[in-house]
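Structure first, commentary second.
In what follows, chains are A, B, ... by sequence order, proteins preceding strands, each numbered from 1. Owing to the predicted nature of the structure, the values given are computational and were not obtained by experimental measurement. What you see below is based on every heavy atom in this structure, not just the backbone, and it leaves out hydrogens, waters and symmetry mates.
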Protein chains: 2
Amino acid sequence: MKNVTVEDVARNCGLSRATVSRVINGEARVKPGTIERVKRAIDELGYHPNAHARALSGGRTGTVAVLLRGGAWRPYYSTLLEGVEEVASRAGLHVLLRTHEYLEAAQAILEEGRADGFIIRNLDEPERHRRLFDRLAARGAPFVLVGDPVGDCQSITIDNVGGARALAHHFAEHGFRRVLFIAGPEGHIDSNDRLYGFKLGLSEKGFDQAGLELVRGDFSTPSGFNAMRESLQSGRPEAVFAANDRMALGAMLQLRQAGLRVPEDMAVAGFDDAYFAEYVTPPLTTVRQPFHELGVTAMVTLERLLSGGQANSRHIILPTTLTVRASCGCRYAGHNPPIPEDRFETS
Amino acid sequence: MKNVTVEDVARNCGLSRATVSRVINGEARVKPGTIERVKRAIDELGYHPNAHARALSGGRTGTVAVLLRGGAWRPYYSTLLEGVEEVASRAGLHVLLRTHEYLEAAQAILEEGRADGFIIRNLDEPERHRRLFDRLAARGAPFVLVGDPVGDCQSITIDNVGGARALAHHFAEHGFRRVLFIAGPEGHIDSNDRLYGFKLGLSEKGFDQAGLELVRGDFSTPSGFNAMRESLQSGRPEAVFAANDRMALGAMLQLRQAGLRVPEDMAVAGFDDAYFAEYVTPPLTTVRQPFHELGVTAMVTLERLLSGGQANSRHIILPTTLTVRASCGCRYAGHNPPIPEDRFETS
DNA sequence: CTGAAAGCGCTTACAG
DNA sequence: CTGAAAGCGCTTACAG
């Protein structure tokens, strides 16, 4: 089965390759009638322009690379990618996904000309990312950062500070005096920002910082379980705020095992609004992250850069939402019946 | 910044473009000393062959397309993709991900020459998939199906029947006589296979099929909640097997609301071993699906096809594992402390 | 073992 | 508004 090429289309409609190419690329200065003829020929022959020939001859690749840290996969990647893809596919762009050793891979993708632009979820290793950003800039390849804003690179982040601050205010309304914060790994920007926002919110409400205890986990459920145990050995806080929902879940499991009731004996809150948050017992009070919107915004922004435009803001921050359920001691009328829309499917 | 090309490399080491190309592609019949010279020049100039030029001139694109059904994102996609990528990146292959309207997109990807091979998670719409498969075959593009085996296309699936059968045997050991099966959408192959295996396993143990009730959900948690309520109105089974964990979770929530205890008043089991399964109360008995291995196997198989080989089997079936916890009425010594390894991270 | 040359299928100044 | 021709950066018979 031989390939259909511009040549074939040109012959079929009695025009030149150049004209056919112009029609395909929607250039101005083509007679309407000509456009018609070309389009008919394209349909008739079932012609699809070869992507590599286009890219090689100076056109775009029509591909964006999405770089996410691998190693431990994160369920929210699904939601994020969905947002990215939604926008990309509408714009006729393809998504090249890379997680495994993406820093090395990114360079190859760039140098081999495989993508027009990049979306990069940079969480750690700032030095190595810097080098990558420099290379991208040198090559004139647009890129959008998701996670940690660096210098004046275009970035999209989530309002960690604001979310944690809102939760702190809520805790303050409950009147808690002794509070535990279960942090993520040292130096992790999300954990740091949440701690910062939490402290800020507490102090705004006149909270005595001496009542704040900090134990460190690694964002995993077991680490929350262990952190809670560690804290229990030195005393008993009135409330716990974990830097993510999974550690909050771990803390709840520890409390149950220690014979303590949530929220009667201790309030618990998390961050993320993970799938299970509303289904644990009691339903978890948390701060919701807009992962889907994060993906959408990242891709919309990249698209704008690709077409030579600029984003409205160099550093876009998406709002987070305090989601009050029952684990903080509030009344919660949720999931009864459970919410009807349920975006996740496991089968 | 001008692009470094084969021309530059050839000049730098005093050889022809053809020879440089041969070295890059690891062809035989090149003098060892020559290989050395070329490699040195490549390093010195920081040369990366342009992917499009290679593809256009008859080489491979070095890209595989992964097509997954979108609409509702599934957290297990993360795990599956991780497996795919692990193998792909080791083989120097890039992954083009597509979920949004992938059936249309697949054709474009194929005709535009954007991928050497395809991994397709085909769940429904058999007709449209057939047409795609025919096109792929006509073009000589290798592809691997993940999900529903069709004809003699290469496929990788999970042992739904065996897993459900093992669970049925386990239920039989508990001596349950009246059992509810919460199915997925009508015609969904996973749900059908699980029901088939469940019935098979029960009948092997002499279970009276009159004791089996079936209610249909849509794999979501709320649908499990509703299905359980529906069943409760007409009687009370001794045990429930849901076609996935999320519906099992919904059933548990319904039972709690109805004042029934799990497993004392009713046993519950699911399918998947989703993240939350071991953390709900009581920990959920379920059948584990090897999603990571599914991705790995799909990619390994595709790689083999790409290099002109054949898979060991046309239809590969990966084993599932009965994972007994407490919701069926068994003793469970789990998560105390919680399992230390925890592949998922939400932050 | 190596090179000169054709060709992959497009796009894009340059003319007209 | 349209066409002839050069060129993008490789690979691959074909010679030698």
Side-chain angles (χ1 to χ4, degrees), chain A residues 1-39 41-42 45-63 92 108 110-114 116 139-140, chain B residues 1-39 41-42 45-63 92 108 110-114 116 139-140:
Chain A
M1 179 157 136
K2 203 168 168 318
N3 242 336
V4 182
T5 71
V6 255
E7 186 62 51
D8 301 321
V9 177
R11 225 178 354 237
N12 181 289
C13 58
L15 289 161
S16 72
R17 282 164 14 209
T19 304
V20 173
S21 174
R22 287 188 189 105
V23 172
I24 291 168
N25 294 295
E27 275 172 43
R29 272 182 243 226
V30 184
K31 201 156 58 176
T34 307
I35 296 182
E36 266 315 298
R37 275 165 67 196
V38 172
K39 291 205 162 160
I42 287 176
L45 299 177
Y47 169 68
H48 289 263
N50 179 289
H52 305 294
R54 297 184 84 171
L56 186 59
S57 59
R60 298 241 161 241
T61 68
T63 303
L110 173 68
E111 309 280 5
E112 293 170 8
R114 289 178 179 276
D116 300 326
R139 281 277 187 175
Chain B
M1 180 156 133
K2 205 169 166 317
N3 242 334
V4 183
T5 72
V6 255
E7 185 63 51
D8 300 322
V9 176
R11 222 177 359 234
N12 181 288
C13 57
L15 289 161
S16 72
R17 280 163 16 209
T19 303
V20 173
S21 174
R22 286 189 189 105
V23 172
I24 291 167
N25 294 295
E27 275 172 42
R29 275 184 241 225
V30 184
K31 202 157 58 176
T34 307
I35 297 181
E36 266 314 297
R37 274 165 68 196
V38 172
K39 292 204 162 159
I42 288 175
L45 300 176
Y47 169 67
H48 289 262
N50 179 290
H52 305 294
R54 298 184 83 172
L56 186 59
S57 59
R60 299 239 158 239
T61 68
T63 303
L110 173 68
E111 309 280 3
E112 294 170 6
R114 288 179 181 276
D116 300 326
R139 281 278 187 174

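The distance between atom CZ of A:Arg54 and atom P of C:dT12, rounded to the nearest whole Å, is 10 Å. Rounded to whole angstrom, the span from the CG atom of B:Asp8 across to the C1' atom of D:dC8 amounts to 13 Å. The distance between atom CD of B:Glu112 and atom P of C:dC10, rounded to the nearest whole Å, is 10 Å. If you take CD of B:Glu111 and P of C:dC10, they are 12 Å apart, rounded to a whole angstrom. For the pair B:Asn50 CG and D:dC10 C1', the computed distance is 8 Å after rounding to whole Å. Atoms CG (B:Leu56) and P (D:dT12) sit 12 Å apart, rounded to a whole Å. Nucleotide C:dG3 holds its C1' atom 8 Å from the CZ atom of B:Arg22, rounded to whole Å. For the pair B:His52 NE2 and C:dC8 C1', the interatomic distance rounds to 14 Å; values are reported in whole Å.
Of the candidates A:Val38, A:Asp8, A:Ile24, A:Asn12, A:Ile24 is the only one forming a side chain to side chain contact (heavy atoms under 4.5 Å, CB included) with A:Tyr47.
Distances shown here put a side-chain N or O of B:Asn3 below 4.0 Å from the OP1 or OP2 atom of D:dG9. Using a 4.0 Å cut-off, some side-chain N or O of B:Asn25 falls inside it from OP1 or OP2 of D:dT11. Proximity of B:Thr19 to the phosphate of C:dG3: a side-chain N or O atom is located under 4.0 Å from OP1 or OP2. Contact between the side-chain N/O atoms of A:Thr34 and the OP1/OP2 oxygens of D:dT2 is found at a separation under 4.0 Å. OP1 and OP2 of D:dC8 both lie 4.0 Å or more from every side-chain N or O belonging to B:Thr5.
Looking at the side chain of A:Ser21, the nearest of the listed nucleotides C:dG3, C:dT11, D:dA4 is C:dT11.
Nearer to the 5' terminus of DNA chain C, by closest-nucleotide assignment, is the contact made by B:Arg37 (compared with the other of B:Arg37 and B:Gly58). Nucleotides of DNA chain C nearest to B:Ala53 and B:Val30 differ in position, and the one nearer the 5' end is that of B:Val30. Nearest-nucleotide mapping onto DNA chain D: of A:Arg17 and A:Ile35, the residue sitting toward the 5' end is A:Ile35.
Backbone-only engagement by A:Leu15 is indicated by non-hydrogen atom pairs under 4.0 Å involving sugar-phosphate atoms exclusively.
Separation of atoms CG (B:Asn50) and CZ (A:Arg114) is listed at 9.0 Å; rounding is to 0.5 Å. For the atom pair B:Arg54 CZ and A:Leu56 CG, the distance stands at 13.0 Å (nearest 0.5 Å). Here CZ of A:Arg17 is found 10.5 Å from CZ of A:Arg11. Values are rounded to the nearest 0.5 Å. Atom OG1 of B:Thr5 sits about 9.5 Å away from atom CG of B:Leu45, to the nearest 0.5 Å. To the nearest 0.5 Å, the span separating OG1 on B:Thr19 from NZ on B:Lys31 amounts to 10.5 Å. With rounding to the nearest 0.5 angstrom, the CD atom of A:Glu36 is 11.5 Å from the SG atom of A:Cys13.
With 3.5 Å as the limit, one finds a donor-acceptor pair spanning the side chains of A:Arg139 and B:Asn3.
Under 3.5 Å, the side chain of B:Ser57 and the base of D:dC10 form at least one donor-acceptor pair of N or O atoms.
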Exercise. Pairing of DNA chain C as dot-bracket, 5' to 3': ( ) intra-strand, [ ] crossing, | other strand, . unpaired, with Watson-Crick or G-U pairs under 3.5 Å?
Worked result: |||.||||||||.|||
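Separating the C1' atom of C:dG16 from that of C:dT12 is a span of 16 Å, rounded to the nearest Å.
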